[in-house]
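Below, chain A is the first sequence line, B the second, and so on; all start at residue 1.
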Amino acid sequence: MITPADAIILQEQLRAQVITTDVLPHPIRTIAGTDVEYDKSTNLIAGSVVVLDYNTLSVLAVASHCMEVTFPYIPGLFSFREMPPLLEAYRQLEVEPDLIICDGQGLAHQRRFGLACHFGVTLNKPVIGCGKTRLCGQYQNLDEARGSVAPLIAEDDQALIGHALRTRDGINPVFVSVGHKISLDTATDIVLKMATQYRLPETTRLADHYARLALLDYKSGSNKPPESV
DNA sequence: GCGACAG
DNA sequence: ATCTTGTCGC
C-alpha cells in the first residue's frame with residue numbers, strides 16, 4: 001500500500017491538474033453527493049454516492065461499497081482513506097452526475113489538494129468540497145444570516161482557498177472550496193442552493209444516510225447464522 | 001517545543 | 001468517525 005510519505009508526493013504532483021474555473025454542463029441537470037461511514041470495531045468503511053435531480057432533489061441513483069479500511073486517518077491525507085470505497089461506489093452508478101459535492105475540503109487544504117480535488121482529478125469531473133469543519137485557513141466577519149459568506153484565507157501565503165458559508169441563520173457555517181472544474185463562487189452558490197432545510201446540503205445528508213445503511217447491510221449480511229443441525 | 005488537525 | 005440522553009438556551 002502507498003505510504004504517507006509517497007501520498008504527499010502524489011498530492012504535490014496531482015495538484016497541478018486542478019482546474020479552478022467553471023467547466024460544467026449548462027444547465028446543470030443532476031448533482032451527486034458522497035459520504036463515508038466508519039465502523040470502528042470491525043475496521044469497515046462504507047462509501048456512498050447518491051445522484052439527485054438538480055431542480056427537484058429527487059433521488060435518481062444510489063451506489064454504495066463497503067470494504068476494510070486501507071489507510072490511517074491523517075489530517076491532510078484524508079482522501080487516501082476515503083477514495084477507495086467512493087471510487088468503487090461511483091463506478092457502480094447507473095446515472096452519471098453533472099457534478100459532485102464531496103464531504104471534505106478541496107483547495108482548503110495544507111497542500112491545496114483535499115479529497116474534492118483528488119476525486120475530481122481522478123474522475124475528471126466537476127467536484128465541490130464542502131466540509132463541516134475547518135482544516136486550515138482563517139476567516140472573520142461572517143454575518144449570522146443564511147447566505148452570508150466570508151473568505152477563507154490560508155495562514156501561510158494569505159491565498160483565498162475557500163469560503164465559510166452560513167447555510168442557516170445563526171448556525172455554524174460550512175466550508176466550501178474548489179475541488180475541480182468549478183469556480184469558488186459557483187461552488188458556493190450551488191452549496192447554498194442544495195442546503196434547502198438543514199445546515200448541510202441535501203446531497204451530503206442523503207449520502208450519509210445511504211452510507212450508514214450500506215454499512216449496516218454489510219454487517220448483517222456477513223453475520224452468518226450458526227449452522228442449523 | 002506547542003497547538004491545530006477534513007472524517 | 002466514534003463514545004451518547006437529556007437538557008440548556010434562543
Over how many whole Å does the gap from [X] atom [atom1] to [N] atom [atom2] extend?
{"X": "A:Lys40", "N": "C:dC3", "atom1": "NZ", "atom2": "P", "answer": "8 Å"}
{"X": "A:Lys219", "N": "C:dT2", "atom1": "NZ", "atom2": "P", "answer": "10 Å"}
{"X": "A:Ile161", "N": "B:dC5", "atom1": "CD1", "atom2": "P", "answer": "13 Å"}
{"X": "A:Asn43", "N": "C:dT2", "atom1": "CG", "atom2": "P", "answer": "14 Å"}
{"X": "A:Asp39", "N": "C:dT2", "atom1": "CG", "atom2": "P", "answer": "9 Å"}
{"X": "A:Gln110", "N": "B:dC5", "atom1": "CD", "atom2": "C1'", "answer": "8 Å"}
{"X": "A:Leu215", "N": "C:dT2", "atom1": "CG", "atom2": "C1'", "answer": "12 Å"}
{"X": "A:His109", "N": "B:dC5", "atom1": "NE2", "atom2": "P", "answer": "14 Å"}

Can you find a heavy atom in the side chain of [X] that is under 4.5 Å from one in the side chain of [Y]?
{"X": "A:Leu123", "Y": "A:Leu87", "value": "yes"}
{"X": "A:Thr196", "Y": "A:Leu57", "value": "yes"}
{"X": "A:Pro84", "Y": "A:Met67", "value": "yes"}

What does A:Gly76 touch in the nucleic acid at a heavy-atom separation under 4.0 angstrom: a base, only the sugar-phosphate, or nothing? base
When we call it a touch if two heavy atoms are under 4.0 Å apart, what does A:Leu77 touch: a base, just sugar-phosphate, or nothing? base
Just by distance, no angles: are the side chains of A:Thr188 and A:Asp185 close enough, under 3.5 Å, to form a donor-acceptor pair? no
Any side-chain N or O of [X] below 4.0 angstrom from OP1/OP2 of [N]?
{"X": "A:Lys132", "N": "B:dG7", "answer": "yes"}
{"X": "A:Arg134", "N": "B:dA6", "answer": "no"}
{"X": "A:Thr133", "N": "B:dG7", "answer": "yes"}

Residue A:Asp35, side-chain heavy atoms: nucleotide from B:dG7, B:dA6, C:dT2 that is nearest: B:dG7
Applying the 5.5 Å / 30° rule, does A:Tyr73 stack onto the base of B:dG7? yes
A:Glu12, A:Gln17, A:Gln11, A:Gln13 screened by side-chain hydrogen bond (donor to acceptor under 3.5 Å, both in side chains) with A:Arg15, the one that passes: A:Glu12
